[in-house]
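So that the names make sense, note that chain A is the first sequence line, chain B the second, and so on, each numbered from 1.
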Amino acid sequence: MPIRFFNTLTRTKEVFEPIAAPHVGLYTCGPTVYNFAHIGNLRTFLFEDLLRRHLKYRGYQLQHVMNLTDVEDKIIRTCRETGESLKSLTGRFAQAFFEDLDTLGVERAEIYPAATDHITEMVDIIKKLRENGHTYEANGSIYFKLSSFPQYGQLSKFKLDELKTNASGRVDSDEYETEDARDFALWKAYDDDDGAVFWETELGKGRPGWHIECSCMSMKYLGESFDIHCGGIDNMFPHHENEIAQSEAATGKRFVKYWLHSAHLFVDNRKMSKSLGNFYTLRDLLAKGHDPIAIRWALISTHYRQPSNFTFEGLEAATESLRRVRDFRRRLEEVRIAGDGLGELDASCEKAFGDALDDDLNISGAIAAVFDFIREVNKLIDSEVTGKGGAERALALLDRVNTVTGLFGAGAKEETPAEILALVTERQQARRAKDFKRADEIRDQLLGAGWVLEDTPDGPRVKKA
RNA sequence: GGCGGCAUAGCCAAGUUGGUAAGGCAGAGGCCUGCAAAGCCUUCAUCCCCCGGUUCGAGUCCGGGUGCCGCCUCCA
């Protein structure tokens with residue numbers, strides 16, 4: 001079954017055919033590092049993580065680039081307001097960003113280029129655009145002349161004349177130095193508000209516009225034409241549209257073959273906002289005691305093009321699903337009888353799992369395939385058909401689907417404290433003596449201490465509640 | 001005003017080229033258990049926002065309508 005992706009350029013699912021298989025060039029718009037990522041940002045990064053893991057699972061060799069935007073209006077404003085230097089601010093939050101990725105089990109991209117490390121390359125592209133007649137200057141700033149790129153709007157399907165009409169009603173022309181309100185800045189001339197944030201270049205003293213960094217860094221590391229470019233749907237216009245204009249005007253080549261955009265995350269059916277009190281960072285959720293993989297589950301388990309609604313009820317459901325997976329793994333590890341007895345269940349599960357993801361990353365179908373597998377194997381363990389050999393194969397399957405999803409791993413090893421084990425032993429003695437009252441007291445006591453006790457045919461076991 | 005998306009059980013959510021509604025959570029009953037827990041079984045949408053149409057047959061295509069949301073300005 002071929003891989004198919006919904007390409008925003010054509011608004012259809014297309015068979016994925018890389019420009020130079022088995023190599024795949026993937027560029028994903030990264031964070032603006034001036035504060036902590038919120039769970040909406042993280043949803044997009046998790047979708048991109050699923051994409052990269054599945055491409056690797058299918059044997060592609062990935063070159064995945066994610067930029068770090070470390071110079072931009074909001075960053076400069078924050079620096080001005082707090083007095084912190086740009087390097088210090090962006091360094092702190094870049095580190096926090098990587099910590100969040102680690103917490104959620106997000107694989108690292110091959111390259112994380114920072115905008116401020118690529119000023120020279122950006123200047124080169126802007127010069128090239130200037131030579132080709134795609135720019136004009138106003139008050140020291142350099143703008144992209146949209147009228148020089150008639151194909152503009154191919155991604156968002158916005159029409160140039162309509163944009164113009166509507167912009168005129170909303171934009172105070174006094175604030176625009178551009179010839180046309182639709183034009184966007186490639187290079188911004190220095191302003192006193194920029195403080196210490198500027199570069200002296202052939203284009204003058206100033207800083208790059210926001211859009212140019214992605215054109216520059218994607219083409220530097222992936223070539224002038226590459227396979228996949230991702231981002232949140234809100235970046236489709238104007239950011240990605242502008243990237244296409246800059247890049248294709250500069251090179252004369254098609255910039256990107258497949259554009260994939262993820263839908264937004266809502267919280268309690270509302271757009272996240274601090275004023276509504278429904279704005280969460282990963283750290284907020286961890287502080288409430290939620291398992292990071294359960295958070296991963298909640299954020300990744302809705303198809304990426306579907307608007308998703310985050311709720312704590314949903315997070316609890318994800319936590320339960322994860323508990324079920326981990327209990328199943330533990331059960332497999334404890335199978336003692338000899339033999340295999342798994343049949344073709346692992347192969348059929350993996351087939352259904354892979355087919356689902358091949359179809360534009362249908363994660364719901366993929367998860368369903370694994371749950372079908374879990375139910376069938378549990379049944380076979382109950383009836384003592386599946387033995388140790390089969391259990392090992394089942395665990396191997398879980399490990400494989402885990403490399404793609406990050407949802408089916410073992411979870412942290414829990415060391416059972418000696419005093420807990422002592423209570424378990426004492427309870428066993430009570431049970432043997434038919435002192436069930438005492439046995440139940442101890443079980444309640446354990447639960448109070450955060451440990452769930454389960455009696456199995458092979459004896460009692462405890463796990464963290 | 002322009003462009004676009006979404007509406008499936010209490011909640012989340014999947015449904016290829018139309019063929020007779022995945023999966024998870026929660027709930028109910030049962031098996032198992034000293035009792036539980038875990039696991040398993042059964043149950044949980046005669047119906048997929050509404051109204052028309054095409055078809056032997058539509059959640060799935062066409063037309064109309066209602067509701068919610070997004071983008072057009074920084075935004076994952």
At under 4.0 Å between heavy atoms, what does [X] touch on the DNA or RNA strands: base, sugar-phosphate, or nothing?
| X | result |
| --- | --- |
| A/G40 | base |
| A/E48 | nothing |
| A/R305 | nothing |

Practice item. Check the angle between the aromatic planes of A/F45 and A/F97 and answer parallel, tilted or perpendicular using the 30° and 60° thresholds. Key: perpendicular
Check your understanding: Do the rings of A/F144 and A/F184 sit parallel, tilted or perpendicular, given the 30° and 60° boundaries?
Key -> parallel
Using atom [atom1] of [X] as one end and atom [atom2] of [N] as the other, report the distance to the nearest whole Å.
| X | N | atom1 | atom2 | result |
| --- | --- | --- | --- | --- |
| A/R427 | B/rC35 | CZ | P | 13 Å |
| A/K434 | B/rC35 | NZ | C1' | 12 Å |
| A/Y304 | B/rA13 | OH | P | 17 Å |
| A/E241 | B/rC71 | CD | P | 16 Å |
| A/F373 | B/rG39 | CZ | C1' | 15 Å |
| A/Q429 | B/rG34 | CD | P | 19 Å |

Review point. So among A/E241, A/H239, A/Q246, which one has a side-chain hydrogen bond (donor to acceptor under 3.5 Å, both in side chains) with A/H211?
Key: A/H239
Review point. Do you know which of A/T44, A/T8, A/N235, A/D234 makes side-chain hydrogen bond (donor to acceptor under 3.5 Å, both in side chains) with A/H261?
Key: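 Testing each of A/T44, A/T8, A/N235, A/D234 against A/H261, the sole residue satisfying side-chain hydrogen bond (donor to acceptor under 3.5 Å, both in side chains) is A/T8.
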Review point. Considering Watson-Crick and G-U wobble pairs with both distances under 3.5 Å, what does B/rG63 pair with?
Key: B/rC51
Given the [atom1] atoms of [N] and [M], what is the spacing between them in whole Å?
| N | M | atom1 | answer |
| --- | --- | --- | --- |
| B/rG23 | B/rU42 | P | 11 Å |
| B/rC25 | B/rA14 | C1' | 15 Å |
| B/rU55 | B/rU60 | C1' | 13 Å |
| B/rC61 | B/rG2 | P | 25 Å |

Practice item. Kindly state whether the ring of A/F36 and the ring of A/F93 have centres lying under 6.0 angstrom apart. Key: yes
Check your understanding: Among B/rC71, B/rC25, B/rG23, which is the nearest nucleotide to the side chain of A/K271?
Key -> B/rC71
Review point. What nucleotide, of B/rG34, B/rC71, B/rA38, holds the atom closest to the side chain of A/E454?
Key: B/rA38
Point to revise | Quiz item: A/D440 side-chain donor-acceptor pair to B/rG34 base, under 3.5 Å | key: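 Answer is yes: a donor-acceptor pair is held.
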Check your understanding: Between the base of B/rC35 and the side chain of A/D455, is there a donor-acceptor distance below 3.5 Å?
Key ->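 Such a pair is found, so the answer is yes.
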